[in-house]
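Both counts, for ligands and for their atoms, begin at 1 and track the order of listing.
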Amino acid sequence: MSDTNQMPREEGIDHSLSLMREGYMYILNRRHSFNSDIFETRLLGKKAICMVGKEAAEVFYDTEKFKRKDAAPNRAVQTLFGKNGVQALDGQDHKHRKDMFMSIMSPEGIQNLTNITKIQWKTALNKWEQMDKVILYEEVKEIMCRTACQWAGVPLEEEDVKKMTKDLAAMFESPAAVGPNHWLGRNARNNVEKRIGELVDKVRNGELKPPEDTALHRFAWHRDQEGNLLATNTASVEVINILRPIVAIAIFINFTALAVHHYPEEREKLESSDEKYAQMFVQEVRRFYPFFPFVAALVKKDFIWNGYKFEEGTLTLLDLYGTNHDHEIWENPDVFSPDRFAKWEGSPFSFIPQGGGDYFMGHRCAGEWVTIEIMKVSLDFLAKRMEYEIPDQDLSYSLVSIPSIPHSKVVIKNVKRKV
Ligand code: HEM
């Protein structure tokens, strides 16, 4: 008799199209129909395993069991990630490269970033006061692009801001797109990789001297375990791994504005509360709204977990959105309630909008602290430092399109600074 069980299995030749069609709900829908936290399916022409929940996250982030090399689909490598970046490394190579990222996430580094973000918000507010209407998503991407480049030591001329913003955004707006939008993403990545690669070369030959604590300086001079500098293109990909996701915080900021609008009682609480409540609010925005749907890895070597066999090389997806909406972890997960974070136990595997596990040893997002701080600054502006109207518009958002962005991109009018 076999000592393993057959996983619930989705029949059929390939379900990549269903994944595209159902987006954030693909894994959750099957979780309900199979009544199981794990199931087998076929994606990109191969057997794949999908998992959701805290226990699943614990095993997914066990580096003895899963690896990242070759796990990401090519369309995501060509747009979102780039080649030879930290996301696809394993073991000591990963640890060494990840330390490079974490070295710029010091308290001083993050404080510096927070200061830059505040100044950029203030400058934008001055401009918005003169504007008839503001499309918040587009404007905040620009704020974030300026912030990201300044923090990373990347020189950005005023006339290049729009193009840089557009290119960095195309990288995260396009991975799941089909047709022209997907190609826009590839093209954008090629442009920016070339541009940042030139800057890396200039740093190395002394033509450009960014401050020492910036990503451009650190990554240009980073040495691998053999003592070699990174290939120019790899250093460029890693600097973009700082710039691109900072621009992507615009998505969370857009959802922050939506939450402030949809829950007026929360806005009142925010007006009279301290930073602790702002932190809880931001955490709830990151839990509640859809952003990064799932992460992918390959089984490193055969193992058995909960009676199920995992075979070497099998593509495995961990559902981030689903875990953040898991009834076993969260009470009324589909209710927006910042207060739940007052008593949250803090497990690295239950609340995983930016991945789970350990920052240094695993692939958890290097920019999670940065994201939280930038969101807090932005929340402070949206809830306390400015007045604005939100005219009638389509504020709904999809649970299918990845990444999900409110359809109207949140239009605001009559913006005024609060004294
Ligand atoms: C905008 C909100 C963000 C979201 C939703 C997000 C989400 C994620 C997710 C899901 C991962 C993969 C975790 C895994 O593979 O297990 C990741 C990795 C990563 N993120 Fe973020 N992220 C965000 C912001 C940022 C920021 C602001 C930065 C940098 C300033 C950043 C830098 C990185 C890096 C370098 C990795 C690769 C880490 C590794 O492979 O070890 N992210 N992020």
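- We find that Lys141 and Glu173 are joined by a salt bridge, their nearest charged nitrogen and carboxylate oxygen being less than 4.0 Å apart.
- Each protein N/O/S atom under 2.8 Å from atom 21 (Fe) of ligand 1 was counted, for a total of 1.
- Looking from atom 15 (O) of ligand 1 to the surrounding protein, the closest heavy atom is Arg68 NH1, 2.7 Å.
- For atom 12 (C) of ligand 1, the nearest non-hydrogen atom of the protein is Val295 CG1, 3.8 Å.
- Residues that satisfy the salt bridge (Lys or Arg N to Asp or Glu O under 4.0 Å) test with Lys162, not counting sequence neighbours, are Glu142.
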ask   = For Phe336 and Phe281, what are the C-alpha separation, side-chain angles and deciding distance, and is it a ring-ring contact (aromatic ring centres under 6.0 Å, His included)?
value = CA-CA 9 Å; Phe336 184 87; Phe281 189 94; 5.4 Å; yes
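- Those atoms of ligand 1 with a heavy atom of Asn241 less than 4.0 angstrom away are 29 (C), 32 (C).
- Taking the six-membered ring where the residue is Trp, Trp344 and Phe341 present perpendicular rings, their angle passing 60° and hence far from 30°.
- The contact set between ligand 1 and Ile249, taken as ligand atoms under 4.0 Å from a residue heavy atom, comprises 1 (C), 27 (C).
- The ligand atoms of ligand 1 that sit less than 4.0 angstrom from a heavy atom of Phe291 are 1 (C), 2 (C), 5 (C).
- Electrostatic pairing of Asp213 and Arg218 does not count as a salt bridge here, judged by no charged N lying under 4.0 Å from a carboxylate O.
- Proximity to Gly362 (heavy-atom distance under 4.0 Å) selects the following atoms of ligand 1: 41 (O).
- Counting atoms of ligand 1 from 1 in the listed order, those under 4.0 Å from a heavy atom of Phe252 are 2 (C), 5 (C).
- Aromatic ring centres of Phe288 and Phe255: separated by at least 6.0 Å.
- Looking from atom 37 (C) of ligand 1 to the surrounding protein, the closest heavy atom is Val86 CG1, 3.8 Å.
- Interface atoms of ligand 1 facing Leu320, defined by a heavy-atom separation under 4.0 Å, are 10 (C).
- Scanning the protein heavy atoms around atom 38 (C) of ligand 1, the nearest turns out to be His363 O, 3.6 Å.
- In this structure, Glu238 does not count as a contact residue of ligand 1, since none of its heavy atoms falls inside 4.0 Å of the ligand.
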Audit row: Ser337, Asp339, side-chain hydrogen bond (donor to acceptor under 3.5 Å, both in side chains) steps and yes/no = CA-CA 5 Å; Ser337 170; Asp339 279 316; 5.0 Å; no
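- Using a cut-off of 4.0 Å between Lys/Arg side-chain N and Asp/Glu carboxylate O, Glu328 and Lys54 are scored as not salt-bridged.
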Output side-chain donor-acceptor pairs under 3.5 Å for residues 361-370, partner residues at least two apart or in another chain, one line each.
residue	atom	partner	partner atom	Å
His363	ND1	His94	NE2	3.4
His363	NE2	Leu89	O	3.1
Arg364	NE	Tyr359	OH	3.4
Arg364	NE	Glu368	OE1	2.7
Arg364	NH1	Pro348	O	3.2
Arg364	NH1	Gly357	O	3.1
Arg364	NH2	Glu368	OE1	3.2
Glu368	OE1	Tyr359	OH	2.7
Glu368	OE2	Arg286	NH1	3.0
Glu368	OE2	Arg286	NH2	3.2
Trp369	NE1	Tyr359	OH	3.4

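- Aromatic pair Phe101/Phe219: centroids less than 6.0 angstrom apart.
- Ligand 1 does not have Tyr359 within reach: every non-hydrogen atom of the residue lies 4.0 Å or more from it.
- Ligand-side atoms of ligand 1 in range of His94: 39 (C), 40 (O), 41 (O), range being under 4.0 angstrom from any heavy atom.
- Scanning all protein heavy atoms for the shortest distance to atom 16 (O) of ligand 1 gives Tyr61 OH, 2.5 Å.
- Ion pairing between Lys95 and Asp99 holds under the 4.0 Å rule for side-chain N and carboxylate O.
- Ranking the protein heavy atoms by distance from atom 30 (C) of ligand 1 puts Ile246 CG1, 3.7 Å first.
- Using a cut-off of 4.0 Å between Lys/Arg side-chain N and Asp/Glu carboxylate O, Glu198 and Arg195 are scored as not salt-bridged.
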Distance-only check: which donor-acceptor pairs under 3.5 Å involve side-chain atoms of residues 175-185, not counting sequence neighbours?
residue	atom	partner	partner atom	Å
His182	ND1	Ser174	O	3.4
His182	NE2	Arg186	NE	3.1

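- Residue-to-ligand polar distances place Lys98 within reach of ligand 1: an N/O pair is separated by less than 3.5 Å.
- The six-membered or imidazole ring of Phe294 lies away from that of Tyr321, with a centre-to-centre distance of 6.0 Å or more.
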